[in-house]
Structure formats: C-alpha cells, structure tokens
Amino acid sequence: MDQDFFERVYDVVRQVPPGRVTTYGAIARFLGSGRSARTVGYALNACHGLQPSVPAHRVVNRNGQLSGKHHFDPVASMEALLAAEKISVVEDRILDFERLFWDPECLL
DNA sequence: GTAATGACCTTGG
DNA sequence: ACCAAGGCCATTA
C-alpha cells in the first residue's frame, strides 16, 4: 500500500508546533497534491492509535471547526488535547483560529 | 475493474 | 453577502 502518503501527512502533523493548528488544505498543498485535502483527512483516519503520537487534534478544516472530533476514540478527546495546548474551543470551533493557524510551508 | 465513500476546498448563482 | 454544486485524491467494498 502507498502508506507513503500517510507518512507524509503524519510527518507534517507531527511537525506542527504545540499550541498551533493547521488545516487539511494547507497540508495537502504542502504535499503537492493541493486538491487531496480529502485524502489528508482519510490519512488521519488511519492515524488512530499509531505508535508515534499524531496530533490530529491540531488538524482542523478551513473553517477552524473540529470536523474530525467525532472520529476520535473519546469524542471529547480532541477538545481535551486542544485544551492541553491552551487552545480555546467552543462549539467545536477554535477561538482565534487565524491566530493559532500554522502553515507547514513556514518550515520552508 | 468499476462504483461508492470521506476528518475537504474552490468556484458559481 | 449567502447558499448550492462540483471536483480532486486516495481507500475500500
């Protein structure tokens, strides 16, 4: 299987600084696919329970909404992790999302 | 090999 | 400005 794509996503997500969040589109664009934002989410779907901690909770949609919070083991786990990062989440939405937004291209 | 799904994004009316 | 539809990529059935 081409888990390479998955590793690619995981690698980017793991490089996300604490207290920061990124979007699927940004990751997809960083990978080069650009339009594979959906596939990025799919990759995170398999990141559940991986050996290396994949901060999927730091990955949200373009709207800053916790679209995948429902896919976590405990649904409230995402909010808890974000809360641990000092990220305020209300109604499944990150406060000051633009301010906490982090782009993988920033590494370049 | 074809069809359907999915943690999305962009563009059109 | 708001609502709606289409598209692209990868995986699974």
Side-chain angles (χ1 to χ4, degrees):
Chain A
M1 294 219 268
D2 283 303
Q3 284 183 321
D4 193 34
F5 194 93
F6 286 57
E7 273 190 37
R8 214 65 83 167
V9 178
Y10 302 150
D11 190 43
V12 176
V13 177
R14 282 183 297 188
Q15 286 173 60
V16 177
R20 292 280 158 108
V21 289
T22 183
T23 64
Y24 304 95
I27 297 171
R29 204 161 49 174
F30 178 76
L31 296 178
S33 306
R35 299 111 213 200
S36 48
R38 284 193 115 178
T39 318
V40 174
Y42 213 89
L44 289 174
N45 189 15
C47 93
H48 229 305
L50 285 187
Q51 254 326 95
S53 303
V54 182
H57 57 270
R58 290 181 193 159
V59 185
V60 296
N61 62 348
R62 220 289 191 191
N63 208 12
Q65 189 177 33
L66 308 185
S67 43
K69 85 147 204 175
H70 228 256
H71 283 253
F72 273 67
D73 206 351
V75 183
S77 185
M78 196 166 194
E79 299 179 50
L81 290 165
L82 289 171
E85 301 287 318
K86 305 295 185 220
I87 300 177
S88 305
V89 178
V90 177
E91 293 292 303
D92 304 346
R93 280 191 265 179
I94 297 177
L95 300 182
D96 296 326
F97 165 68
E98 294 183 7
R99 192 172 70 116
L100 301 172
F101 177 75
W102 177 86
D103 199 301
E105 287 188 358
C106 193
L107 295 172
L108 310 180

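Every value quoted in this text rests on a predicted model; they were computed, and no experiment measured them. In the text below, chain A, chain B and the rest are named by the order of the sequence lines, each starting its count at 1. Side-chain atoms are counted along with the backbone in the values below, which use heavy atoms only and exclude waters and symmetry mates.
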Enquirer: Using atom C1' of each nucleotide, how far apart are C/dC3 and B/dA7 to the nearest Å?
Expert: 23 Å
Enquirer: Rounding to a whole Å, what distance do you find between A/L44:CG and B/dT5:C1'?
Expert: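 So the two atoms are 17 Å apart, to the nearest Å.
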Enquirer: State whether the distance check finds a donor on one side and an acceptor on the other, under 3.5 Å, for side chain A/T39 versus base C/dC9.
Expert: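 Pair found.
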Enquirer: OP1 or OP2 of B/dC8 sitting under 4.0 Å from any side-chain N/O of A/S67?
Expert: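 Answer yes for this pair, as a side-chain N or O of A/S67 is under 4.0 Å from OP1 or OP2.
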Enquirer: Return the nearest nucleotide to the side chain of A/R62; candidates are C/dC9, B/dC9, C/dT11.
Expert: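 Closest nucleotide among those given: B/dC9.
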Enquirer: Look only at the side chain of A/R8 and the backbone of A/L31, and say whether a donor-acceptor pair between them is shorter than 3.5 Å.
Expert: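 Judged by distance alone, no pair lies under 3.5 Å.
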Enquirer: Rounded off to whole Å, could you give me the CG-to-C1' distance for the A/N63 and B/dT10 pair?
Expert: 14 Å
Enquirer: Figure out the CG/P separation between A/L31 and C/dA10, and round it to whole Å.
Expert: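 Whole-Å distance recorded here is 10 Å.
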Enquirer: Taking atom C1' of B/dC8 as reference, at what distance in whole Å does atom CZ of A/R29 sit?
Expert: 13 Å
Enquirer: Rounding to a whole Å, what distance do you find between A/F5:CZ and C/dC8:P?
Expert: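 Interatomic distance, CZ of A/F5 to P of C/dC8: 16 Å.
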Enquirer: Looking only at side-chain atoms of A/R35, point me to the closest of B/dA7, C/dT12, C/dC8.
Expert: C/dC8
Enquirer: Is it true that a side-chain atom of A/H57 and a backbone atom of A/L66 form a donor plus acceptor pair closer than 3.5 Å?
Expert: no
Enquirer: Main chain of A/L44, side chain of A/Y10: is a donor-acceptor contact present, judged purely on distance under 3.5 Å?
Expert: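 Checking the backbone N and O of A/L44 against the side chain of A/Y10, no donor-acceptor pair under 3.5 Å is found.
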Enquirer: How many whole angstroms separate atom NE2 of A/H70 from atom P of B/dA7?
Expert: 11 Å
Enquirer: Can you tell me the distance, in whole Å, between the OH atom of A/Y42 and the C1' atom of C/dA10?
Expert: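 Going from A/Y42 (OH) to C/dA10 (C1'), I get 8 Å.
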Enquirer: Name the closest nucleotide to the A/T23 side chain, picking from B/dA7, C/dC9, B/dC9.
Expert: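 The closest nucleotide is B/dC9.
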Enquirer: Base, sugar-phosphate alone, or nothing: which one does A/N45 contact when heavy atoms must sit under 4.0 Å apart?
Expert: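 The answer is base, as A/N45 lies within the cut-off (heavy atoms under 4.0 Å) of a base atom.
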Enquirer: Is there, by distance only and without an angle test, a donor paired with an acceptor across the side chain of A/Y24 and the base of B/dA7 below 3.5 Å?
Expert: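 Answer is yes: a donor-acceptor pair is held.
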Enquirer: Name the nucleic acid region contacted by A/A56, choosing base, sugar-phosphate or nothing; use a 4.0 angstrom heavy-atom cut-off, strictly under.
Expert: base
Enquirer: Is a side-chain donor or acceptor of A/N61 paired with a backbone partner of A/G64 at a separation under 3.5 angstrom?
Expert: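 Here the side-chain-to-backbone pair exists.
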Enquirer: Do A/S36 side-chain atoms and A/A28 backbone N/O form a donor-acceptor pair below 3.5 Å?
Expert: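 Pair absent, no side-chain N/O of A/S36 close to backbone of A/A28.
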Enquirer: Which one, B/dC9, C/dA10, B/dA7, comes nearest to the side chain of A/A37?
Expert: B/dC9
Enquirer: Please determine, for the side chain of A/C47, which listed nucleotide (C/dC9, B/dA7, C/dT11) has the closest atom?
Expert: B/dA7
Enquirer: Between B/dC8 atom C1' and A/L66 atom CG, what is the distance in whole Å?
Expert: 15 Å
Enquirer: Starting the side chain at C-beta, find the nucleotide from B/dC9, B/dA7, C/dA10 nearest to A/H71.
Expert: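 In terms of side-chain proximity for A/H71, the closest of B/dC9, B/dA7, C/dA10 is B/dA7.
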Enquirer: So does A/A26 get a backbone contact from the side chain of A/T23, meaning a donor-acceptor N/O pair under 3.5 Å?
Expert: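 Yes, the answer is positive, given that a donor and an acceptor are paired below the 3.5 Å cut-off.
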Enquirer: Donor-acceptor pair under 3.5 Å: do we get one between A/R38's side chain and the base of B/dC8?
Expert: yes
